[in-house]
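Just so you know, ligand 1 is whichever comes first in the structure, and atom 1 is the first atom listed for that ligand. If you're wondering where the values come from, they're calculated on a predicted model, not measured in any experiment. Residue numbers start at 1 and run along the sequence shown.
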Amino acid sequence: MAVDSTLPSPLGPPAHERDAKALQFIAEMTKNVDSVQERVLGEILAQNAETEYLKRFNLNGATDRETFKSKIPVVTYEDLQPEIQRIANGDKSPILSSHPISEFLTSSGTSAGERKLMPTIAQEMDRRQLLYSLLMPVMNLYVPGLDKGKGLYFLFVKAETKTPGGLLARPVLTAYYNSQQFKTRPFDPFNVYTSPNEAILCVDSFQSMYAQMLCGLLMREEVLRVGAVFASGLLRAIHFLQVNWKELAHDISTGTLNPKITDGSIRERMSQILKPNPELAEFIINECSGENWERIIVRIWPNTKYLDVIVTGAMAQYIPTLEYYSGGLPMPCTMYASSECYFGLNLRPMSKPSEVSYTIMPNMAYFEFLPHDQSNPSALSRDSPPRLVDLADVELGKEYELIVSTYAGLCRYRVGDILRVTGFHNAAPQFRFVRRKNVLLSIESDKTDEAELQKAIETASVLLKEFNTSVVEYTSYADTKQIPGHYVIYWELFIKDPANAPTDDVLNQCCLQMEESLNSVYRQSRVADNSIGPLEIRVVKNGTFEELMDYAISRGASINQYKVPRCVSFTPIMELLDSRVVSKHFSPALPHWTPERRR
Ligand code: AMP
């Protein structure tokens, strides 16, 4: 496994004959990046030549890069909102795509508080499936014997809605798990899951998790890898076990399913799987009843070779906790994808999380890169369009924002991810995920930006008015020490009349008001998924934020340019803030959330 990661190297001979085709495909794609990209752009532009969008920019059927780059603007979601809204309202004319929009994928990115709607077409599902099919052949190069057991994956679907025009709107993974490609997948010894489809496809997150955990426990000896999409999902599963092990052990001991599981298809499927096993129940009680949950994953699933979770980007905050629960198992981050488009995979899955790089597959879409100027990160003007760099031309060590043009009709769309080039595999650049632009707080798929936080503070502060109190300064912190994680907001208050200070109850209500104001992904995680805990306000002593500034200046910040950080994570700063806390308040109830969009 010790490979010199600085050298472009072939992946090595396939571990199994059945992997040869996939590795050959990766080799071809990564050797011919530029020609594949040229072909992909040509196909996209030919396919969508008659769309309203491309016609608007007078592309006149051209399919070459130069014309495309000179005529088509770089856009954000907000720019495309009118077109997307028309499609959502039922306009079936070829607006962005000549192929019918099959559904909308709801991104975890938000616009005006609601999830973004990403149009997709039927053939994209095959492209995603193709990327998935490359993952195990790569993993097999590093971890032998994965066909000798099963994967315990906690996979979930979320609520679906319909747009006014009748198109489905749901997260990309919900679409994938509900697809024929997934539901009727042919048997693959390298992709056998402990979770039955009936459990994965149940929208009730408690019942789904319960059944998946139960199956994982019943098949504990067979489990070779434990995973979820993101690290936060796996930690939620561990927390679920902490809360529910007694009931799970009871089911295993008696061979009967908890009456809380009311979903008929899960009950039917579990009746085939669940048989009384008092010995296993005893084992689970022994492991789970102790205070110490260190290495619980390998204690319960002793044959686990790795954790299949993404811990790059916002999920890096969970690495220490996962190391604690798994006794330091490797955490390969296998792929990099989004609702707009699946991008690529990690060709060295066993590398340390901090060294993970993704290789973008040039067949997935047409990719361009906006050089990311750290000194002026928002520089992008319509008057002097920036020069976008092609996938084959990015430079080692430089940072870029990813721009994508998809078969489904997104053209030169800013994904919002900042990537750094760390090396090459054949001619294909490899990228470290640096960060997503404008994300301040994130616990799982929620992404809260500075403007949303500011608005939430303003909404909540209205409750303080009758107490003649205002918020003078604030900052925030994503507290993931406990599961589920929660947002912590530090407030410094100016209370004009201490005899009429806001009560505890009012400050608790402020927490709830903030939650009500946050975007729908946050509220869904709170209400439907229970994956974010109640928002907390910590009121700090007067003068605390001045001390924070003094501290920053003592560490070299310029007094003229000092701005209060709206999110903190640096330990000494946290310690300073926490040592000045005078009261703590939590949201007393759940905010409102329904699957329906507000607009
Ligand atoms: P969504 O469209 O809601 O699926 O979110 C997609 C976004 O999640 C991407 O644009 C990235 O910001 C983030 N993301 C996806 N995969 C990874 C990964 N492997 N590492 C870090 N961030 C990721």
Worked check of ring-ring contact (aromatic ring centres under 6.0 Å, His included) between Y477 and Y487: CA-CA 6 Å; Y477 168 62; Y487 288 12; over 10 Å; no
Worked check of ring-ring contact (aromatic ring centres under 6.0 Å, His included) between Y132 and Y342: CA-CA 10 Å; Y132 281 126; Y342 278 22; 5.5 Å; yes
ring-ring contact (aromatic ring centres under 6.0 Å, His included) evaluation trace for F431 with F343: CA-CA 11 Å; F431 296 93; F343 305 121; 10.0 Å; no
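Looking at M335 next to ligand 1, an N or O pair under 3.5 Å apart turns up. Considering backbone and side-chain N/O atoms, D417 comes within less than 3.5 Å of an N/O atom of ligand 1. The shortest N or O to N or O distance between T312 and ligand 1 is under 3.5 Å.
Shown in contact with Y358 at under 4.0 Å from a heavy atom are these atoms of ligand 1, numbered in order with element: 18 (C), 19 (N), 20 (N). Here is the list of ligand 1 atoms found below 4.0 Å of a heavy atom in K447: 5 (O). Heavy-atom contacts of V415 reach the following atoms of ligand 1: 10 (O) (cutoff under 4.0 Å). Proximity to S107 (heavy-atom distance under 4.0 Å) selects the following atoms of ligand 1: 2 (O), 3 (O). Interface of R436 with ligand 1, defined as ligand atoms under 4.0 Å from a residue heavy atom, comprises 7 (C), 9 (C), 10 (O), 12 (O). Listed by number with element, the atoms of ligand 1 under 4.0 Å from a non-hydrogen atom of I310 are 18 (C), 19 (N), 20 (N).
In terms of protein heavy-atom proximity, atom 15 (C) of ligand 1 is closest to A337 O, 3.0 Å. The single protein non-hydrogen atom nearest to atom 17 (C) of ligand 1 is Y336 CD1, 3.6 Å, given as residue, atom name and distance. Protein heavy atom in closest approach to atom 6 (C) of ligand 1: S338 CB, 3.5 Å.
At a heavy-atom distance under 4.0 Å, no atom of L105 approaches ligand 1.
The aromatic rings of Y193 and Y153 sit tilted, their planes meeting at an angle between 30° and 60°.
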